[in-house]
Amino acid sequence: MSDTTRVIVSYDGTYNEDDAVALGRLFGVAGAELALAYVRHAPEDEVGREVLVEHDAEQLLGRGVELLGGLQASRHVITDRSTPKGLSGLAERKGAQVIVFCSDSHTARGHIAIGNSAQRLLEGGTTAIAIAPAGYAARELEGRAKLLAATGDAEDPAVEATARALADALGASVTSIADESADLLIVGSRPEAGAGRIALSAAAHNLIEEVATCPVLVLPRGVALSFEGHPAVTA
């Protein structure tokens, strides 16, 4: 793709959500177009109450934007009974290629646990999913990622192409070794996923939840992401 990547950060201000914003900021430093989204599960019955709750949601997203440290981001309040459906619908309407989540609220600091909404979108979804480890916001990386690890099926060039485009945008390097030295792990989907869809192998799932201590970006099969001035070249 030639257009820069559009990224939606799921944000509701609760525990660990600042980690998702910090990861969104990393993509923003690389030139991605950012948006923050808050999913409400039902409208209020009373008009005055609805206006108040909507206002509070906008204020909440405003705080999230402040955490981006000067980067610009659009704000979206969505009403949907399902958080993953609300976010995927917004991604489709806005042409976003990535949705960012924090780890589950009970995750040990420095580790990743895939929450319910992220898990739903990792099961055959069409949008790349990024997940921040618990405590990521406190690391204050400020976009200084220096080493990106790319892992996945060798027959899918989209994984390394995305890693190299992002590394070029951040002034980082790419390695195939996913260890504690990596600042971001880019994971591909298995061939059975089908073009443009996500499906994690058991090994990849284990790598994310048992090994990784850095943020993870999971790509749909064959989908390479571009960043400002750095197209992902797969041919």
Side-chain angles (χ1 to χ4, degrees), residues 3-39 57-78 83-84 86-105 107 112-115 117-118 121-122 125 127-145 148 162-163 165-167 169-172 182-187 208 212 214-219 223 225-228 230:
D3 292 337
T4 192
T5 295
R6 296 179 177 88
V7 174
I8 294 171
V9 179
S10 177
Y11 185 74
D12 64 10
T14 55
Y15 194 69
N16 283 356
E17 292 286 339
D18 289 0
D19 296 329
V21 176
L23 180 52
R25 185 173 187 272
L26 180 69
F27 293 126
V29 169
E33 182 181 315
L34 301 178
L36 265 63
Y38 171 44
V39 180
E58 292 286 354
Q59 292 291 103
L60 178 70
L61 289 177
R63 176 186 176 275
V65 171
E66 290 177 0
L67 295 174
L68 290 171
L71 294 176
Q72 299 298 310
S74 59
R75 291 175 278 182
H76 305 274
V77 179
I78 309 160
T83 295
L87 291 170
S88 61
L90 177 65
E92 183 177 353
R93 293 191 298 275
K94 298 298 181 182
Q97 295 88 9
V98 183
I99 300 174
V100 181
F101 293 94
C102 64
S103 287
D104 185 77
S105 60
T107 310
I112 290 175
I114 303 171
S117 294
L121 295 176
L122 286 171
T127 306
I129 300 300
I131 306 171
Y136 182 68
R139 296 183 190 178
E140 297 182 351
L141 288 178
E142 297 183 354
R144 295 191 298 268
L148 312 184
T162 297
L166 186 53
L170 294 171
D183 297 312
L184 180 68
L185 175 62
I186 295 125
V187 178
I208 292 170
C214 65
V216 173
L217 172 63
V218 181
L219 300 177
V223 177
L225 304 179
S226 299
F227 293 87
E228 189 69 28
H230 301 279

Minimal heavy-atom distance between A132 and A20, with the atoms involved, is CB-N, 4.2 Å
Is a donor on one side and an acceptor on the other found under 3.5 Å between the side chain of D12 and the backbone of V39? no
Going from CG on L71 to CZ on F27, what distance comes out if it is rounded to the nearest 0.5 angstrom? 13.0 Å
Closest approach of L121 to S88 (non-hydrogen atoms, all atoms of both residues): CD2-CB, 4.0 Å
In sequence, state the C-alpha distance, the side-chain angles, and the governing distance for I112 and T107, and then conclude on side-chain contact (heavy atoms from CB on, under 4.5 Å). CA-CA 7 Å; I112 290 175; T107 310; 5.6 Å; no
Residues passing the side-chain contact (heavy atoms from CB on, under 4.5 Å) test with A91, sequence neighbours excluded, are I8, A96, I99, T127
Output for pair (E17 CD, L67 CG), nearest 0.5 Å, gives 11.0 Å
Any idea which heavy atoms bring A169 and A30 closest together, and the distance? CB-O, 3.5 Å
List the atom of D183, the atom of P215, and the distance in Å for their closest heavy-atom pair. O-CD, 3.3 Å
Quick check: closest heavy atoms across G31 and T4, and the distance to 0.1 Å? O-OG1, 3.1 Å
Going through the checks in order, is the side-chain contact (heavy atoms from CB on, under 4.5 Å) test met by L166 and L225? CA-CA 8 Å; L166 186 53; L225 304 179; over 6 Å; no
To the closest 0.5 Å, what do you measure between CG (L34) and OG1 (T5)? 10.5 Å
The side chain to side chain donor-acceptor pair (under 3.5 Å) partners of S105 (sequence neighbours excluded) come to none
Measuring from L26:CG to L170:CG, what's the distance to the nearest 0.5 Å? 5.5 Å
Under the side chain to side chain donor-acceptor pair (under 3.5 Å) test, which residues partner Y38, sequence neighbours left out? none
Considering non-hydrogen atoms only, spot the tightest contact between D19 and G135 and give its length. OD2-N, 3.0 Å
Applying salt bridge (Lys or Arg N to Asp or Glu O under 4.0 Å), which residue pairs with at least one partner in residues 89-99 are found, sequence neighbours left out? none
Taken in chain and number order and not counting sequence neighbours, the residues that satisfy side-chain contact (heavy atoms from CB on, under 4.5 Å) with A22 are Y136, A137
Interatomic distance, L148 atom CG to I186 atom CD1 [nearest 0.5 angstrom]: 5.0 Å
Quick note, salt bridge (Lys or Arg N to Asp or Glu O under 4.0 Å) partners involving residues 61-77, not counting sequence neighbours, are D18-R63
In this structure, CG of L122 is separated from OG of S117 (nearest 0.5 Å) by 11.0 Å
Taking only residues two or more places apart in sequence, or in another chain, which ones meet T83 in a side chain to side chain donor-acceptor pair (under 3.5 Å)? H41
Can you list the residues that meet the side-chain contact (heavy atoms from CB on, under 4.5 Å) rule with A118, with sequence neighbours excluded? F101, I114, I129, I131
